[in-house]
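Right, one structure below, let's go through it.
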There are 2 protein chains.
Amino acid sequence: MIKFILLGFLNYQPMTGYDLKQTIDESTAHFWHAHHSQIYTTLRQMDQEGLVTSVQVPGEGLPDRRIYTITPAGKQALQTWLNQTQTEVSPIKEELLVRLFFSAQRDPQQVLTELRLQCELHREKLAAYRRIAEEMVNHHAQAIPSLQRDKHFWRLTLEMGMRYEEAYIAWLEDSIRKIEVL
Amino acid sequence: MIKFILLGFLNYQPMTGYDLKQTIDESTAHFWHAHHSQIYTTLRQMDQEGLVTSVQVPGEGLPDRRIYTITPAGKQALQTWLNQTQTEVSPIKEELLVRLFFSAQRDPQQVLTELRLQCELHREKLAAYRRIAEEMVNHHAQAIPSLQRDKHFWRLTLEMGMRYEEAYIAWLEDSIRKIEVL
DNA sequence: CGCCACATGTAAAAAGTTACATGATTAG
DNA sequence: CTAATCATGTAACTTTTTACATGTGGCG
């Protein structure tokens, strides 16, 4: 999966592993994150597979940078993957739900503390998403024309993020109320 | 993580790997699934760590069954884990959002087909959750008293499942409409 | 006759996380 | 002076997935 994210971004422009990490962190990380170690090793692999090429650029004073460029084979691999249709729903792994599922024997006050903290964190996430959404509208004018179409899709994923956080917060608030009177 | 799910269920009653797989599939799999291979190997590990004990029961005609029982050390490990407070939001990994993020260069009709299929699948999931919720209400009377408290928490996770599916469906419907007029 | 349920496992690969490691520059 | 940013990587480990493997009994 991370392979296709890297190909997806390299399809816009050549980048280093470091750049890719930054880019991912402020975009797809909201629904698919990766550590820098995984990014660097996956780029190496992709280089060997011929999906990308790389050139080392000596940095003056700073460390050298290795710039990765997508190859025709890489573009092909990306397109092939995108042209498939996902026929299953993406499985969820939510640690908090596991914890709550088995929380009957816990001290309710501790559970409440945990849920209230999560609520706070999710409110922050929602606020962050809303800021990004606003920025998107504000910077609409000075946008690069070639990415206009892409932006619509980025926006859609952002909207899912906001809906998700809204639902999560509403559920947490509801759950907190229910546990309080339990 | 799967370790704690196994401990959580074994804390209710001794079970075999097979039973655990069934139990997980119809409960926590909605937010944390595992293949049988992982369950069996993790149980073996836990046995070595002293978190569970096991006895092999010869099956007449059928294959032998290995019944796992939680130990005091296992109960302790479960409690210790539960008594922690999760201070981060659980990270999300949603393949569909990754695909959509990079879908600008795809044929819009293909994207729509994919989203409509996902919509159908999520509607089925929601319907399934609602059936489970109804069952929970109907079988409320004949419930085991010792699990009354647990049921409240199971119910909460189910409610998150329903909210999640509702949000997902609403978002998909909205996205489909937006892509149609793009 | 073929498939499903029962019941368990091993092996190998892929994916992901955590920790270790370096070393210069720059801002507070 | 201390922390952060830049920029890369390796190693070890854990977790998860996929595939291989076995053998009976019952149902249609």
Side-chain angles (χ1 to χ4, degrees), chain A residues 1-7 9 14-26 28-29 31-49 51-52 54-68 77 81 86 88 90-95 98, chain B residues 1-7 14-26 28-29 31-49 51-52 54-68 77 81 86 88-95 98:
Chain A
M1 180 78 291
I2 194 62
K3 192 158 95 168
F4 297 111
I5 296 176
L6 298 174
L7 285 174
F9 283 120
M15 275 193 261
T16 67
Y18 192 87
D19 297 334
L20 282 161
K21 172 64 174 152
Q22 314 291 304
T23 308
I24 288 169
D25 279 352
E26 58 194 37
T28 56
F31 42 88
W32 204 292
H33 69 97
H35 294 265
H36 78 271
S37 58
Q38 198 189 1
I39 291 169
Y40 285 119
T41 49
T42 306
L43 284 168
R44 276 289 157 104
Q45 267 174 241
M46 288 161 66
D47 201 341
Q48 283 175 355
E49 291 170 35
L51 303 175
V52 296
S54 70
V55 275
Q56 202 165 353
V57 179
E60 301 98 50
L62 295 166
D64 292 353
R65 320 173 74 234
R66 182 175 291 275
I67 300 169
Y68 288 91
W81 178 69
Q86 189 180 315
E88 307 272 312
S90 309
I92 297 163
K93 297 223 162 173
E94 265 280 328
E95 186 167 338
V98 177
Chain B
M1 181 78 294
I2 194 62
K3 191 158 95 168
F4 296 111
I5 296 176
L6 297 174
L7 285 174
M15 274 193 262
T16 67
Y18 192 87
D19 298 335
L20 283 161
K21 171 64 174 153
Q22 313 292 304
T23 307
I24 288 170
D25 280 351
E26 58 194 36
T28 55
F31 43 86
W32 203 292
H33 68 96
H35 295 266
H36 78 271
S37 59
Q38 197 189 1
I39 292 169
Y40 286 119
T41 50
T42 307
L43 284 169
R44 276 288 159 105
Q45 267 174 242
M46 288 160 66
D47 201 340
Q48 284 175 356
E49 291 170 35
L51 303 175
V52 296
S54 70
V55 276
Q56 203 166 353
V57 178
E60 301 98 50
L62 295 166
D64 292 352
R65 320 172 73 235
R66 183 176 288 277
I67 299 169
Y68 288 91
W81 177 70
Q86 190 180 315
E88 307 273 311
V89 307
S90 309
I92 296 163
K93 296 223 161 173
E94 265 281 326
E95 186 168 339
V98 177

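First the proteins, then the strands, lettered A, B, ... as listed; each starts at 1.
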- request: Map B:Q22 and B:Q56 onto DNA chain C by nearest heavy atom, then report which one ends up closer to the 5' terminus.
  value: B:Q22
- request: Scan nucleotides 10-20 of chain C nucleotide by nucleotide, 5' to 3', and note B when protein non-hydrogen atoms come under 4.0 Å of the base, S if they reach only the sugar-phosphate, - if neither.
  value: BB---SSBBB-
task: Have a look at the helix from C:dC1-D:dG28 to C:dG28-D:dC1 and give the angle its two end axes make, five pairs each, rounded to 10 degrees.
output: 40°
Heavy-atom distance under 4.5 Å between the side chains of [X] and [Y], does that happen here?
| X | Y | answer |
| --- | --- | --- |
| A:M15 | A:Q22 | no |
| B:F4 | A:V98 | no |
| B:T16 | B:V57 | no |

Heavy-atom donor-acceptor pair, B:K21 side chain to B:S37 backbone, under 3.5 Å: no
Check the distance between [N]'s [atom2] and [X]'s [atom1] and give it to me in whole angstrom.
| X | N | atom1 | atom2 | result |
| --- | --- | --- | --- | --- |
| B:D19 | C:dA7 | CG | P | 7 Å |
| B:M15 | C:dT8 | CE | P | 12 Å |
| B:R65 | C:dA7 | CZ | P | 5 Å |
| A:L43 | D:dA7 | CG | P | 15 Å |
| B:D47 | C:dG9 | CG | P | 10 Å |
| B:K21 | D:dT17 | NZ | C1' | 12 Å |
| B:L20 | C:dA7 | CG | C1' | 13 Å |
| B:M46 | D:dT14 | CE | P | 16 Å |

Those residues that, when tested against [X], pass side-chain contact (heavy atoms from CB on, under 4.5 Å) (two or more places apart):
| X | answer |
| --- | --- |
| A:H33 | A:A29, A:H35, B:P91, B:K93 |
| A:P14 | A:I67, A:T69 |
| A:T42 | A:I2, A:K3, A:L6, A:Q38, A:M46 |

statement: Residues passing the ring pair (Phe, Tyr, Trp, His ring centres under 6.0 Å) test with A:Y18, sequence neighbours excluded, are none
- request: Hey, could you give me the CG/CG distance between B:L20 and B:L7, rounded to the nearest 0.5 Å?
  value: 10.0 Å
task: Check whether any side-chain N or O of B:Y18 sits under 4.0 Å from OP1 or OP2 of C:dT8, and answer yes or no.
output: no
field: Options C:dC6, C:dG9, C:dT8, nucleotide nearest the side-chain atoms of B:Y68
entry: C:dG9
